[in-house]
Enquirer: 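Quick one: this structure, given as structure tokens, is what I'll be asking you about.
Quantities reported herein were computed from a predicted structural model and do not represent experimental measurements. Just so you know, ligand 1 is whichever comes first in the structure, and atom 1 is the first atom listed for that ligand. Sequence positions, counted from 1, serve as the residue numbers for this chain.
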Amino acid sequence: MDDVVQAFEKDGYCLIEGFFTPEEVAGADAHVDHWLQRWDELKGESTEYRQRFGVHLKALPIAREPEFTALFDHPKMVEITKAILGEDFEPVTGFAFATPRDGGQGWHKDSCDPEPGRFTLNRLVYSRDYRPEQGQLYVLPGSHRYYGFEEDGPNDEDLPGQVVIQPRAGMLVLVSSHCAHRVGINQTDDIRVVLNSRVNRRGVPTDLCDLCTFRSGRWRHSTQTFLGK
Ligand SMILES: O=C(O)CCC(=O)C(=O)O
């Protein structure tokens, strides 16, 4: 456990392959399946957000399903969360983001405040194996220590030092909201889904991620406003 905490503090993220067994994620995966069959009923993100930042996804309404919450309330998830945030952490929000063909997420940090300890913890779980062409997860180790990005540039450009993660069933990736990451563009007809339950160390504002930053500037989710750098 110490290794995981040290990696998270040094890099702003850490990864555990096979954190859950395929059986443990099967219940959540059945909900994913259900909504992928009803894809056309779901709403997507705003046009401006998509155009500016290359974010193209839909949220599957499964975060309150018992099979979803069971993963994040599981004793081993609670143990690893406490190892990183301390005993006193609180839930922020949960979601399942699904990226279809041409979908992805450009380089961004979910929050703008680089003060150490002031971050929201993304707990990313994948309920099935994905192929590289469906969109890998890219992270920039150490980027949680500084504000924003060194320069503007394409949403999906390779950056020096980036680490590429291939999502697999049962994998857990813990990512600080202040660590730069992106999701590669899905080049297939098979939709890619990530389950995420965000938590905060007590005292960190629950709306910390209302203001996120992309390479080209900040975005306020609650008002859908671009705020520049
Ligand atoms: O889809 C993923 O693999 C990660 C998604 C993510 O980190 C985000 O929604 O900010």
Enquirer: Would a line drawn from the ring center of Phe214 to the ring center of Trp107 be shorter than 6.0 Å?
Expert: no
Enquirer: Who are the residue neighbours of ligand 1 when the rule is a heavy atom under 4.0 Å from any of its atoms?
Expert: Phe97, Gln105, His108, Asp110, Leu124, Tyr126, Leu137, His181, Val183, Arg192, Val194
Enquirer: Does Lys109 make a cation-pi contact with Phe119, if we ask for NZ or CZ under 6.0 Å from the ring centre and within 45° of the axis?
Expert: no
Enquirer: Please assess Tyr146 against His178 for the test side-chain contact (heavy atoms from CB on, under 4.5 Å), listing each intermediate value before the final yes or no.
Expert: CA-CA 8 Å; Tyr146 54 85; His178 207 67; over 6 Å; no
Enquirer: Under 3.5 Å, is there a donor on one side chain and an acceptor on the other for Ser111 and Asp113?
Expert: no
Enquirer: Taking the six-membered ring of Phe89 as reference, does the cationic atom of Arg201 (NZ for Lys, CZ for Arg) lie under 6.0 Å from its centre and within 45° of its axis?
Expert: no
Enquirer: Hey, what's the ring geometry for Phe53 with Phe226, parallel, tilted or perpendicular (30° and 60° as the breaks)?
Expert: tilted
